[in-house]
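Each chain gets a letter, A, B and so on, in the order the sequences are listed, and its residues count up from 1.
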Protein chains: 4
Amino acid sequence: MAPKVGHNSQAGGVAAGQLKAFVERIERLEEEKKVIADDIKEVYAEAKGNGFDTKILKKAVALRKKDPAEREEEETILQLYLQALGMLPQEEDDI
Amino acid sequence: MAPKVGHNSQAGGVAAGQLKAFVERIERLEEEKKVIADDIKEVYAEAKGNGFDTKILKKAVALRKKDPAEREEEETILQLYLQALGMLPQEEDDI
Amino acid sequence: MAPKVGHNSQAGGVAAGQLKAFVERIERLEEEKKVIADDIKEVYAEAKGNGFDTKILKKAVALRKKDPAEREEEETILQLYLQALGMLPQEEDDI
Amino acid sequence: MAPKVGHNSQAGGVAAGQLKAFVERIERLEEEKKVIADDIKEVYAEAKGNGFDTKILKKAVALRKKDPAEREEEETILQLYLQALGMLPQEEDDI
DNA sequence: GACTCTCCCAATGTAC
DNA sequence: GTACATTGGGAGAGTC
């Protein structure tokens, strides 16, 4: 007789039915995700069509996600580093 | 007199209202996307909890997206290369 | 009196000299890295010019890095999954 | 008689010797690249040990690569956007 | 109290 | 050149 395996058999030790279920859930979700990703692209394209700079727009969106305090902190340190590296117009009050 | 700017003024040349609208649409969509991405992670975690190997599961999902013919083709060429590099158990019909 | 700062002064609390040294070391190394990365691209291009498939060649190189045993293991599990998903030509010994 | 193939035989249509040569060149270069990448990490680690903020240090290094004029331009536009989004301390001269 | 282990983010590398 | 996916590193929590 052939191996007695049901529709949820574990042929080779793998629960095929369960695996399929997982894979299908993942695929469904990934599809949804792709739709949304495309929507986002569309918005950027539309913004671009209205004269906005996509690259910088993305930066602005990214900055919005950050905690303002933390952002401030980082910016301050960055300015210090840039200054130390001579990458900023010299400090006027030191002249 | 202060610059005469309306609610959709272009202070500094930027249409603030329009920009905000774009940014908010993007943020809303990104939120949705994040929710789904989290859902996907959950499914993988659940699969892992059921004994499946996450990394390999991802590979399987990726393979499913590919055209079978193309996949076959690639696999064939890869086997050729691996053989040429001596990375395969020797060809039996050559022994 | 003005702050007494030497050539390694910590204007703003940052040791400028030290920072510059770090940055310059990093930049030098990144340059070297870029040169090598370009060399690698050239080799792939040359291989392509000799009829090899770049994409698959990269896969072969990647596989070479892996421990053979581990690779075998992963491949085995993947096959199990693919079989459970009905993505493999049917098992002959089950027919 | 066995297939008459020389040391550079094209068993299966693949020039094994040539392929090996390419792969070995690539691997050698990738090794070198890895060494340098590790060196870079070390420098960052050392900088961190000296009190520098790695994340921001990376930003500074990245900024250095950019053309100053372009950088300035981008920064200006970004500020416009942030202002339009109300993410900047309000313009004093407008109060 | 330290150490491991896991989870998350960032960064690199790859595919389109 | 851009966008995705994967990998590696860092941080944080739980355990011994």
Novice: Reckon A/Lys58 has a side-chain N or O less than 4.0 Å from the OP1 or OP2 of F/dA3?
Specialist: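 Yes, because at least one side-chain N or O of A/Lys58 sits under 4.0 Å from OP1 or OP2 of F/dA3.
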Novice: Please state how far atom NZ in D/Lys41 lies from atom P in E/dT12, giving the value in whole angstrom units.
Specialist: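 Whole-Å distance recorded here is 9 Å.
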Novice: Tell me, do B/Val43 and B/Asp39 make a side-chain contact under 4.5 Å, heavy atoms counted?
Specialist: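 Of all side-chain heavy-atom pairs linking B/Asp39 with B/Val43, none is under 4.5 Å.
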Novice: NZ of C/Lys66 versus P of F/dT7: gap in Å, rounded?
Specialist: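 Checked: the NZ to P distance equals 7 Å.
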Novice: Give the rounded distance in Å between these two atoms: NZ of D/Lys59 and C1' of E/dA11.
Specialist: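 Going from D/Lys59 (NZ) to E/dA11 (C1'), I get 14 Å.
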Novice: For the pair made of CG in C/Leu57 and C1' in E/dT14, what is the distance, rounded to whole Å?
Specialist: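 Those two atoms, CG and C1', are 14 Å apart.
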Novice: Rounded off to whole Å, could you give me the OH-to-C1' distance for the B/Tyr44 and E/dC7 pair?
Specialist: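 The distance from OH of B/Tyr44 to C1' of E/dC7 comes to 17 Å, rounded to the nearest Å.
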Novice: Look at all strands and tell whether D/Lys33 reaches a base, only sugar-phosphate, or nothing, counting heavy atoms closer than 4.0 Å.
Specialist: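 Result for D/Lys33 = sugar-phosphate.
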Novice: Answer with base, sugar-phosphate or nothing: what part of the nucleic acid does D/Lys48 contact at a heavy-atom distance below 4.0 Å?
Specialist: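 Touches sugar-phosphate only.
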Novice: Which part of the nucleic acid, if any, lies within contact of A/Lys34, taking any heavy atom under 4.0 Å across all strands shown: a base, the sugar-phosphate backbone alone, or nothing?
Specialist: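 Contact class for A/Lys34: none.
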Novice: At 4.0 Å (heavy atoms only), tell me whether D/Lys55 reaches a base, stays on the sugar-phosphate, or touches nothing.
Specialist: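 Since no nucleic acid heavy atom lies under 4.0 Å of D/Lys55, the category is nothing.
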Novice: What integer distance in Å separates B/Glu30:CD from F/dC4:P?
Specialist: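 To the nearest whole Å, that distance equals 11 Å.
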Novice: Check whether any side-chain heavy atom of B/Tyr81 sits under 4.5 Å from a side-chain heavy atom of D/Val23, and report yes or no.
Specialist: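 Not in contact.
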Novice: Figure out the CG/P separation between A/Leu29 and F/dA5, and round it to whole Å.
Specialist: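 After rounding, the gap between these two atoms is 13 Å.
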Novice: Would you find more than 12 non-hydrogen atoms of other residues, nucleotides or ligands less than 6.0 Å from D/Glu27 atom CD?
Specialist: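 Yes, because the 6.0 Å sphere around CD of D/Glu27 holds more than 12 heavy atoms from other groups.
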Novice: Nearest 0.5 Å, what's the NZ-CG distance between C/Lys34 and C/Asp38?
Specialist: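 Rounded to the nearest 0.5 Å, the NZ-CG separation comes to 3.5 Å.
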Novice: When the distance from NZ of C/Lys65 to C1' of F/dT7 is rounded to whole Å, what number comes out?
Specialist: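 Distance check: C/Lys65 NZ to F/dT7 C1' gives 11 Å.
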